[in-house]
Amino acid sequence: MGSGANYEKGLHDLGNGCFAWLQPDGSWGWSNAGLIVDGEESLLVDTLFDLRLTREMLAAMRDASPAAAGIDVLVNTHANGDHCFGNELVQGAAIVASKACAEEMGELPPAALAAMLENADALGEAGAFFREVFGVFEFEGITLTPPTETFEGRTTRRVGDKAVHLIEVGPAHTRGDVLVHVPSEGVVYTGDILFIEGHPIIWEGPIGNWVRACDEILAMGAASIVPGHGPVTDDAGVRALREYLVTLEAEARKRYDAGLPVREAARDISLADYASWGDAERIAVNVSTLYREFGDPAPPPSPVELFAWMAELRRDRR
Ligand SMILES: [Zn+2]
């Protein structure tokens, strides 16, 4: 499946017991997930941002494959809520994540997001942006359900006769990013190491780890690459994201070395080559993370400051 082909909401059969659940348009919170089945066994890659969305996905998966009636293993690719807030609905499954992911998962629980939505009015422009992108999700009543098993580096799970490789590539997008690779079927689920047709968001870095993760995906020679957000892609999608990261790092570095303040640098870098990608305001977070990596001694902006800054950039682009 090439980039952009058949990007419709719902379950996509990639062949040989591998499925992708896609949620267009892939913007803030609209994440993808995956399902791997073999015989009676099943492995789910990620849950969604709230219970309603996750319930709908699990029902469609049960309809597509009897093995999905009782998910044996759930893998969370990373700690962001749009990949794990539905965990409580996958009852009886072993929940597997990297140790770093498990440690990060409790830091921004559903109740915190619910409170931010509740208090959006008091947060000015940041609150308005927050409500615009996250207001459609239901964070009330979610019980954060953490991993039951963790690993570091690499591990392999079996789903029937299929070997499924879990490969820790973080810290990059978050602290504990994991790729889920099914070599026998030429399928890889990348979590938010890949955003397709949207700007990636570099919460954590270092960016070198993320570039290496792209190289690792390219080395797999997979036919179907399921990103964390956006349509199923192929190597061309990975190369485009890699190029974005390398270019952004070089452009940010030039401005850092010239003494340009971080906010000016984020405004100064041209995104013309990425005009078709959504969520361009993420440049604020990305340049801020890069400046920190370069050694900027300024204290990192708080999430509310970052959202205020992104809201400003988003408004100015309209
Ligand atoms: Zn995500």
Side-chain angles (χ1 to χ4, degrees), residues 7 9 20-35 44-54 57 74-87 95 97-98 100-102 104-110 112-113 116 129-130 132-139 142 144-147 168-180 188-205 209-210 213-214 217 225-233 237-238 241 244-245 277-286 289 303 306-307 310:
Y7 186 34
K9 184 194 165 173
W21 178 263
L22 305 182
Q23 294 196 103
D25 60 357
S27 179
W28 292 99
W30 295 106
S31 51
N32 298 330
L35 174 71
L44 178 67
V45 182
D46 285 340
T47 56
L48 306 177
F49 215 176
D50 68 19
L51 301 181
R52 179 180 60 86
L53 292 170
T54 303
M57 172 179 79
L74 162 61
V75 176
N76 290 130
T77 57
H78 63 288
N80 285 168
D82 53 334
H83 300 262
C84 68
F85 277 2
N87 280 8
I95 306 178
S98 70
C101 167
E104 189 177 2
M105 204 176 273
E107 290 184 13
L108 197 60
L113 289 180
M116 274 172 89
F129 175 41
F130 200 78
E132 180 187 332
V133 294
F134 293 138
V136 64
F137 304 104
E138 178 55 63
F139 301 119
I142 296 177
L144 186 75
T145 305
E168 185 178 19
V169 292
H173 166 66
T174 61
R175 265 178 260 156
D177 308 291
V178 165
L179 308 174
V180 180
V188 57
Y189 302 89
T190 70
D192 285 1
I193 289 299
L194 283 185
F195 290 75
I196 300 298
E197 295 178 5
H199 284 256
I201 187 158
I202 311 169
W203 290 118
E204 193 67 29
N209 278 356
W210 199 328
C214 291
I217 297 166
I225 301 175
V226 182
H229 296 257
V232 177
T233 192
V238 184
L241 192 275
Y244 170 96
L245 296 172
W277 291 11
D279 304 324
E281 65 276 5
R282 291 172 177 170
I283 186 95
V285 175
N286 296 349
T289 301
L306 285 172
F307 271 94
M310 286 193 282

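We count ligands from 1, going down the list as the structure has it; atoms in each ligand are counted the same way.
- Closest N/O/S atom of Asp82 to the Zn ion (ligand 1): OD2.
- Between the side chains of Asp279 and His229, no donor-acceptor pair of N or O atoms lies under 3.5 Å.
- Side-chain polar atoms of Glu281 and Trp28 form a donor-acceptor pair below 3.5 angstrom.
- In summary, of the residues considered (Asn76, Thr47, Asp192), a side-chain hydrogen bond (donor to acceptor under 3.5 Å, both in side chains) with His83 occurs for Asp192 alone.
- Among the heteroatoms counted here (N, O or S) of Asp192, OD2 is the one nearest to the Zn ion (ligand 1).
- At a cut-off of 2.8 Å, His78 does not coordinate the Zn ion (ligand 1) through any N, O or S atom.
- Residues Thr190 and Thr77 fail the side-chain proximity criterion, which asks for heavy atoms closer than 4.5 Å.
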